[in-house]
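A short write-up of the structure that comes next.
Residue numbers begin at 1 in each chain, while the letters A, B, ... track the order of the sequences.
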There are 2 protein chains.
Amino acid sequence: MNLNQLELLRALQETQFNLSKAADKMHVVQSAVSRQLQLLETELGSPLFERHGKRLLGLTPLGERIMAEVDQIHRAKKNIQTMADDFRDNRNGTLHIATTHTQAKYLLPVPVQKFRRKYPGIKIYMVQSSPDNLINLLHQHQADIAICTEKLAEDDSLVLRPCYQWHHVAIVPAGHTLTEGKISLERLAAQPVLTYSPGFTGRSAIEKAFGEADLHPDIILAAADSDVIKTYVRLGLGVGIIAETSYEPGKDSDLVALDLEHLIPASVTKIAYLKQLYLPSYCCYFIDELLKEAEAKRT
Amino acid sequence: MNLNQLELLRALQETQFNLSKAADKMHVVQSAVSRQLQLLETELGSPLFERHGKRLLGLTPLGERIMAEVDQIHRAKKNIQTMADDFRDNRNGTLHIATTHTQAKYLLPVPVQKFRRKYPGIKIYMVQSSPDNLINLLHQHQADIAICTEKLAEDDSLVLRPCYQWHHVAIVPAGHTLTEGKISLERLAAQPVLTYSPGFTGRSAIEKAFGEADLHPDIILAAADSDVIKTYVRLGLGVGIIAETSYEPGKDSDLVALDLEHLIPASVTKIAYLKQLYLPSYCCYFIDELLKEAEAKRT
DNA sequence: TTGCGTTACGACTCTCGTAAGGATG
DNA sequence: CATCCTTACGAGAGTCGTAACGCAA
């Protein structure tokens with residue numbers, strides 16, 4: 001048994017048990033992985049994969065259990081390398097941030113700027129995705145940290161750090177009927193509504209609020225980002241419900257923001273990363289800057 | 001980086017950073033480990049060991065952190081091998097039991113006998129040691145399970161399974177003054193006492209009971225096992241305090257056992273094993289038999 | 001026929017052991 | 001000077017890549 005053979009098992013799982021594709025992933029020819037797999041299964045004394053003829057179909061029960069340990073080994077090996085790299089030179093490296101559009105545009109700019117100044121040698125990869133996919137990215141080691149508001153609960157393998165609490169605002173063109181009088185969920189629900197796609201940026205809080213009031217707003221447009229919503233609100237399609245932080249008083253002076261703090265429960269944006277994974281020092285610095293920025297926004 | 005290099009790190013730690021002894025442990029010549037260590041440190045880019053000249057003195061801070069991951073890898077690798085062995089053939093193997101004299105003599109015989117019948121191919125290694133050392137044996141992977149009463153608390157990495165609850169009895173030769181009238185801690189403390197060594201078989205419960213009554217018995221003999229205590233009680237040296245299960249009505253008919261249940265708090269004997277370590281099926285069977293035996297003793 | 005996996009064989013790389021040498025207490 | 005570690009070099013084991021083959025959709 002050696003580390004390459006264990007990596008091979010991972011590669012096979014990631015390629016739906018296709019030896020040829022796994023070989024590509026491992027940067028060796030296909031016959032090599034065929035042999036290595038045979039050697040490993042011979043050494044362990046039992047097949048690790050279900051086969052139909054020569055084709056691999058999936059893991060055996062033994063294979064399943066072994067894969068869990070292989071993942072542990074992979075993680076530990078990665079930690080060793082990260083630690084060594086970080087120790088030798090913490091000025092170079094890469095930072096993979098997974099987040100949603102809203103956070104990328106309205107929360108991250110200042111921290112990223114500060115980070116660039118302190119760590120000019122670190123490459124930043126920012127991946128935008130849907131909140132439920134962010135956790136996948138973490139688990140697949142394709143992201144170091146994830147920043148988002150929803151879908152981050154009940155996962156024991158994650159560290160969750162509350163970043164900041166915010167609430168929603170309604171946006172309407174100047175002169176809109178909602179700008180007069182007191183805002184309420186009933187009045188909102190009477191209008192065509194534009195807001196975030198399900199699973200994005202506190203959409204669940206919005207649904208909860210309307211649901212508890214037994215209201216069923218007509219959501220005529222759902223988008224992943226605030227800018228799209230604003231655009232169509234400007235076109236007069238209806239009232240937008242977006243995060244307060246996405247309303248920019250300067251640029252959005254043609255729109256009126258109506259505070260919904262008392263109507264829709266507040267949301268908490270969190271930073272998440274894998275509990276068992278070592279974070280390089282620059283990554284911790286970035287998290288600290290994020291928390292500082294959140295603190296600054298709050299006041 | 002490969003598994004052998006990581007094993008080498010463990011070997012070095014276990015040999016107080018002596019390359020020559022580590023080489024013996026790894027079954028290779030010393031020059032080989034010297035080179036492998038250099039290769040690893042070169043690959044990681046930083047030294048893992050503090051050196052004075054050519055000698056290794058200890059781990060660097062980086063080395064310390066890496067060793068923690070190496071231990072994880074070692075454990076996972078061991079789990080893979082155990083799983084594969086268990087899956088292929090669960091009739092052969094070894095079971096390392098670490099326990100104290102008392103448990104080995106009075107709790108284990110029946111389960112061991114049943115185990116031998118069901119798994120005649122498994123070799124049983126029974127290690128007797130002091131309770132605080134039992135945990136070390138588990139952590140050093142020199143024992144699969146440990147059975148004892150004391151010193152098993154507050155260790156997050158252990159699974160603790162309460163096995164059975166018992167209490168102490170006082171033993172005296174027939175006709176001893178304590179056999180008349182009602183037993184009490186005061187009357188006990190007035191006699192020379194023979195009992196377990198500190199850390200053994202509920203000794204702490206004994207001390208606690210006397211301590212809370214502000215009594216200071218004269219413990220003239222402390223032994224790790226009940227038989228030694230019985231022997232000297234028979235010689236008339238004083239009153240023995242032993243586990244109830246160690247008093248055998250048949251063999252010990254010359255001694256009188258006085259129940260101390262109401263005087264000394266009960267003790268709980270537990271089975272412990274490493275949380276993160278895979279236990280082969282026969283090991284689980286043995287644990288089950290132990291729990292059954294404990295259940296039988298209780299009734 | 002194409003895609004997927006296995007087997008055979010020669011080339012190469014890697015690691016080991018032997019042996020000699022340097023440093024340290 | 002004995003112990004501990006390093007370096008040099010040749011032998012052997014292990015792994016890879018090429019290529020040919022078997023099998024199934």
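When the nucleotides dG17(C), dG3(C), dT3(D) are ranked by their closest atom to the side chain of Arg55(B), dT3(D) comes out on top. Set against dT6(C), dT7(D), dT15(C), the side chain of Gln38(B) has dT7(D) as its closest nucleotide. Relative to the side chain of Arg51(B), the nucleotides dA23(C), dT6(D), dT6(C) differ in distance, and dT6(D) lies closest.
Checking Thr149(B), Thr102(B), Thr100(B) one by one against Thr201(B), the side-chain hydrogen bond (donor to acceptor under 3.5 Å, both in side chains) holds for a single residue, Thr102(B).
Atom C1' of nucleotide dG17(D) and atom CD of Gln30(A) are separated by 12 Å, given to the nearest angstrom. Atom-to-atom, CD of Gln36(B) to P of dT7(D) comes out at 14 Å; the value is rounded to the nearest Å. Atom CG of Leu37(B) is separated from atom P of dT7(D) by 12 Å (rounded to the nearest Å). The CE atom of Met1(B) sits 16 Å away from the P atom of dC14(C) (whole-angstrom rounding). Summarising the geometry, the separation between CG on Leu3(A) and P on dT15(D) is reported as 13 Å, rounded to the nearest angstrom. In this structure, the CG atom of Leu40(A) is 11 Å from the P atom of dT15(D), given to the nearest Å. One can place CG of Leu56(A) at 14 Å from C1' of dG3(C), the figure rounded to the nearest angstrom. What separates CG of Asp24(B) from C1' of dC4(D) is a distance of 13 Å, to the nearest Å.
Ion pairing between Arg10(B) and Glu14(B) holds under the 4.0 Å rule for side-chain N and carboxylate O. The residues Glu41(A) and Arg51(A) are annotated as salt-bridged, a charged nitrogen and a carboxylate oxygen being separated by less than 4.0 angstrom.
For Ser31(A) against dT18(D), a side-chain N or O and a base N or O form a donor-acceptor pair under 3.5 Å. Side-chain to base pairing of Arg35(A) with dG17(D): one donor and one acceptor N or O lie within less than 3.5 Å of each other.
No donor-acceptor pair under 3.5 Å is formed between the side chain of Thr15(A) and the backbone N or O of Lys21(A).
Between Asn2(B) and dC14(C), a side-chain N or O to OP1/OP2 separation shorter than 4.0 Å is absent. For dG25(C), the OP1/OP2 oxygens have a side-chain nitrogen or oxygen of His52(B) closer than 4.0 Å.
A donor atom on one side chain and an acceptor atom on the other are found under 3.5 Å apart for His74(B) and Glu7(B).
In the displayed structure, Arg88(A) atom CZ is contacted under 6.0 Å by more than 12 heavy atoms of other residues, nucleotides or ligands.
Within residues 8-23 of chain B, the residues approaching DNA chain D are Phe17(B), Asn18(B), Leu19(B), Ser20(B), by heavy-atom distance under 4.0 Å.
Counting non-hydrogen atoms under 4.0 angstrom, Val29(A) reaches a base of the nucleic acid.
For the pair Leu39(B) and Lys54(A), both in contact range of DNA chain C, the more 5′-proximal nearest nucleotide belongs to Lys54(A).
In this structure, Leu44(B) and Met1(B) approach most closely via the heavy-atom pair CD2-CE, 4.3 Å.
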